[in-house]
Amino acid sequence: MPAISPAAQGKYLLVVLGPTAVGKTALAIKLAHYFGTEIVSADSRQFFKELKIGTAIPLATELEMVAHHFIGNLTIQDSYNVSRFETEALAVIDRILSKKNVAILVGGSGLYINAVCQGIDEMPDADAPLRAQLNADFEQFGIEPLREKLKLLDPLYYSKTDMANHKRIIRALEVCLATGRPYSSFMTHQAKARNFIPIKIGIKREREELNARINRRVDLMIEQGLVAEAHQFLPLRHLNSLQTVGYRELFSYFDGKYTLDEAIDKIKVNSRRYAKKQMTWFAREKEINWFDAAETNKIIDWVKTQLL
RNA sequence: GGGGGGAUACCAGAGCGGUCAAAUGGGGCAGACUGUAAAUCUGUUGGCUAAGCCUUCGGAGGUUCGAAUCCUCCUCCCCCCA
């Protein structure tokens, strides 16, 4: 449970979460409308203003109806991270809660939601040249030397973490090397105090129904011009912001690796997997109150009982 | 009409007498996750009363101590020549 500061008295953050395509946007807007408040997005891909079709940002009419934050606030060229989001999102939430008693956080990026609700430990950002060096080492010599190095610099982390995952090894190493301290020594496992009481609302649907919605949404994205949208960014495909479902598969199509139909099928498959990953992430969180996507009125009624 | 190739688990596809419940890839299912997180990584994938047993490699027979692998016939598919 997150720590609650005295300032949190009577201030609530409604956190709307769930897998992609489940219907979070619609519910969040309904809640925002009902409580007369604003929406903070916790979607790590809707930040990028160029990625419109492929990330299913809210409709223009929806964006007009309710104030949204963190949608299209970055360029795909920007580098961003959870920690910055924590700081910036908290500032916006505080501002909303200075005028209202309820704010809404909505999104599917579990790590980003947790950063807002519980915080993320203080530790250095990635140092670009150092990361580039480590990545180059990985390319050239493989994972084993990196593992050995980490075993020396942070035996605790080494023993507890998946040592097949090069990205995690590299991140740990870059912190160790940049600070001279073991990466694991920065982890407090303590939730930070917040100026609001989070109320987590999980939205779910039957898997089959969710899959059907995903498929339909992908087809719609294609109709809306996703292929052209993705094509513009082909030269920038290496950017982190473009390591995104819907774009990568089309890059492969432009490469001639897939036919268009194959690429579209791949987008559907990868979206389903993304949804499953999100559900796995959320499944381990205890304080989520789950509702069926159709139960909008029930959700509002329930939320009212929580705001005491 | 003649000649040749093939049918393997959800799909594709290897295996060509024992070490095969059957490689590998795809898909499915499950999981991990602290500044790349729509990323990255892991496990599992015939059934069961589960260190053992049972039913599988188009169908039916046969050879053999032993067959997905060899033989015979049948069914279906593909290619080449007419």
Side-chain angles (χ1 to χ4, degrees), chain A residues 19-21 24 41-48 51 53-57 74 76 78-89 107-128 130-132 134-135 138 143 146-147 154 156-157 160-175 178-179 182-192 207-208 211 214 217-218 221 226 230 238-250 258 262 265-285:
Chain A
T20 189
K24 298 185 292 295
S41 170
D43 184 307
S44 72
R45 288 300 186 262
Q46 291 183 355
F47 297 153
F48 302 104
L51 309 184
I53 301 171
T55 62
I57 59 168
L74 299 176
I76 50 174
D78 290 330
S79 60
Y80 200 66
N81 64 53
V82 222
S83 179
R84 283 183 59 188
F85 180 71
E86 176 190 3
T87 309
E88 294 171 14
S109 306
L111 184 66
Y112 283 65
I113 291 172
N114 285 357
V116 171
C117 295
Q118 298 152 47
I120 192 160
D121 291 318
E122 298 298 324
M123 54 180 92
D125 279 349
D127 174 68
L130 178 56
R131 176 170 288 188
L134 290 167
N135 278 322
F138 171 64
I143 201 168
L146 296 175
R147 269 187 203 145
D154 190 349
L156 180 64
Y157 190 70
K160 291 198 313 193
T161 307
D162 174 13
M163 283 298 124
N165 191 332
H166 68 277
K167 293 209 177 185
R168 299 183 61 200
I169 294 174
I170 287 172
R171 158 96 276 239
L173 276 176
E174 72 192 13
V175 172
T179 63
Y183 176 59
S184 56
S185 72
F186 289 92
M187 297 180 185
T188 65
H189 301 106
Q190 291 282 310
K192 293 182 191 167
R207 188 75 81 90
E208 220 175 287
N211 289 168
I214 288 171
R217 185 154 91 174
V218 171
M221 286 175 178
L226 182 60
H238 60 278
L239 292 174
N240 179 245
S241 55
L242 290 169
Q243 306 315 310
T244 300
V245 175
Y247 296 87
R248 298 168 114 190
E249 297 84 353
L250 288 173
Y258 299 140
E262 286 168 342
D265 281 344
K266 275 284 179 192
I267 294 173
K268 291 174 180 173
V269 166
N270 289 330
S271 297
R272 273 185 252 137
R273 287 180 173 165
Y274 173 49
K276 170 57 179 131
K277 254 172 33 178
Q278 292 172 301
M279 292 189 273
T280 298
W281 177 286
F282 295 130
R284 68 176 172 183
E285 304 212 6

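A note on names: the letters A, B, ... follow the listed sequences, proteins ahead of strands, and every chain is numbered from 1. Quick caveat, the model's predicted, so the values are computed rather than measured.
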Can you tell me how far [atom2] of [N] sits from [atom1] of [X], to the nearest Å?
X: A/Ile169; N: B/U42; atom1: CD1; atom2: P; result: 10 Å
X: A/Gln243; N: B/C41; atom1: CD; atom2: P; result: 12 Å
X: A/Arg131; N: B/G35; atom1: CZ; atom2: C1'; result: 7 Å
X: A/Met163; N: B/A32; atom1: CE; atom2: P; result: 17 Å
X: A/His166; N: B/U42; atom1: NE2; atom2: P; result: 10 Å
X: A/Asp154; N: B/U34; atom1: CG; atom2: P; result: 12 Å
X: A/Arg147; N: B/C41; atom1: CZ; atom2: C1'; result: 11 Å
X: A/Leu242; N: B/A37; atom1: CG; atom2: P; result: 12 Å

Base, sugar-phosphate or nothing for [X]? Non-hydrogen atoms, less than 4.0 Å.
X: A/Ser109; result: sugar-phosphate
X: A/Asn114; result: nothing
X: A/Thr55; result: base
X: A/Arg168; result: sugar-phosphate
X: A/Gly110; result: nothing
X: A/Tyr183; result: sugar-phosphate
X: A/Tyr112; result: sugar-phosphate

Expressed in whole Å, how much space separates the [atom1] atoms belonging to [N] and [M]?
N: B/C53; M: B/U19; atom1: P; value: 14 Å
N: B/C29; M: B/C10; atom1: P; value: 16 Å
N: B/G5; M: B/U72; atom1: P; value: 13 Å
N: B/A22; M: B/U40; atom1: P; value: 31 Å
N: B/A51; M: B/G62; atom1: P; value: 35 Å
N: B/C41; M: B/G59; atom1: P; value: 40 Å
N: B/C16; M: B/C70; atom1: P; value: 10 Å
N: B/A7; M: B/U69; atom1: C1'; value: 14 Å

Quick one: look up who [N] pairs with, Watson-Crick or G-U, both distances under 3.5 Å, and put none if it's unpaired.
N: B/C76; answer: B/G6
N: B/U36; answer: none
N: B/A23; answer: none
N: B/A67; answer: none
N: B/A50; answer: none
N: B/G17; answer: none
N: B/C41; answer: B/G31

Looking at [options], which one has an atom nearest to any side-chain atom of [X]?
X: A/Val245; options: B/U36, B/C41, B/A39; answer: B/A39
X: A/Lys167; options: B/U34, B/G35, B/U36; answer: B/U36
X: A/Asn165; options: B/G35, B/A37, B/C41; answer: B/C41

Could you tell me which non-hydrogen atom of [X] sits nearest to which non-hydrogen atom of [Y], and how far apart they are?
X: A/Leu242; Y: A/Tyr247; value: O-CB, 4.2 Å
X: A/Val116; Y: A/Phe85; value: CG2-CE2, 3.5 Å
X: A/Ser184; Y: A/Leu156; value: OG-CD2, 3.7 Å
X: A/Trp281; Y: A/Leu111; value: CZ2-N, 3.5 Å
X: A/Ile113; Y: A/Ala42; value: CG1-CB, 3.9 Å

- Task: Assign each of A/Thr20 and A/Val82 to its nearest nucleotide of RNA chain B by heavy atoms, then name whichever residue's nucleotide is nearer the 5' end.
- Result: A/Val82
- 5′-ward residue of the pair A/Asn240/A/Gln190 relative to RNA chain B: A/Gln190
Does [X] use its side chain to pair, donor to acceptor, with the backbone of [Y] at less than 3.5 Å?
X: A/Arg45; Y: A/Gly54; result: no
X: A/Lys268; Y: A/Arg217; result: no
X: A/Asp78; Y: A/Tyr80; result: no

- Message: Can you tell me if A/Arg171 touches the phosphate of B/G35, counting only side-chain N or O atoms and a distance under 4.0 Å to OP1 or OP2?
- Response: yes
- Per the glycosidic torsion and the 90° limit around 0, nucleotide B/G35 is syn
Show me, pair by pair, the donor-acceptor contacts under 3.5 angstrom made by side chains of residues 164-171 of chain A, not counting sequence neighbours?
residue: A/Asn165; atom: OD1; partner: A/Lys167; partner atom: N; Å: 3.2
residue: A/Arg171; atom: NE; partner: A/Glu174; partner atom: OE2; Å: 3.1
residue: A/Arg171; atom: NH2; partner: A/Pro124; partner atom: O; Å: 2.8

- The side chain to side chain donor-acceptor pair (under 3.5 Å) partners of A/Asn211 (sequence neighbours excluded) come to none
Filtered N/O pairs between nucleotides 27-31 of chain B and protein, under 3.5 Å:
residue: B/G27; atom: OP1; partner: A/Lys266; partner atom: NZ; Å: 2.8
residue: B/G27; atom: OP1; partner: A/Arg273; partner atom: NH2; Å: 3.4
residue: B/G27; atom: OP2; partner: A/Arg273; partner atom: NH2; Å: 3.0
residue: B/G27; atom: O5'; partner: A/Arg273; partner atom: NH2; Å: 3.2
residue: B/G28; atom: OP1; partner: A/Arg272; partner atom: NH1; Å: 3.0
residue: B/G28; atom: OP2; partner: A/Arg273; partner atom: NE; Å: 3.2
residue: B/G28; atom: OP2; partner: A/Arg273; partner atom: NH2; Å: 2.9
residue: B/C29; atom: OP1; partner: A/Arg207; partner atom: NH1; Å: 3.1
residue: B/A30; atom: OP1; partner: A/Arg207; partner atom: NH2; Å: 3.3
residue: B/A30; atom: OP2; partner: A/Arg207; partner atom: NH2; Å: 2.9
residue: B/G31; atom: OP2; partner: A/Lys276; partner atom: NZ; Å: 2.4
residue: B/G31; atom: OP2; partner: A/Thr280; partner atom: OG1; Å: 3.3

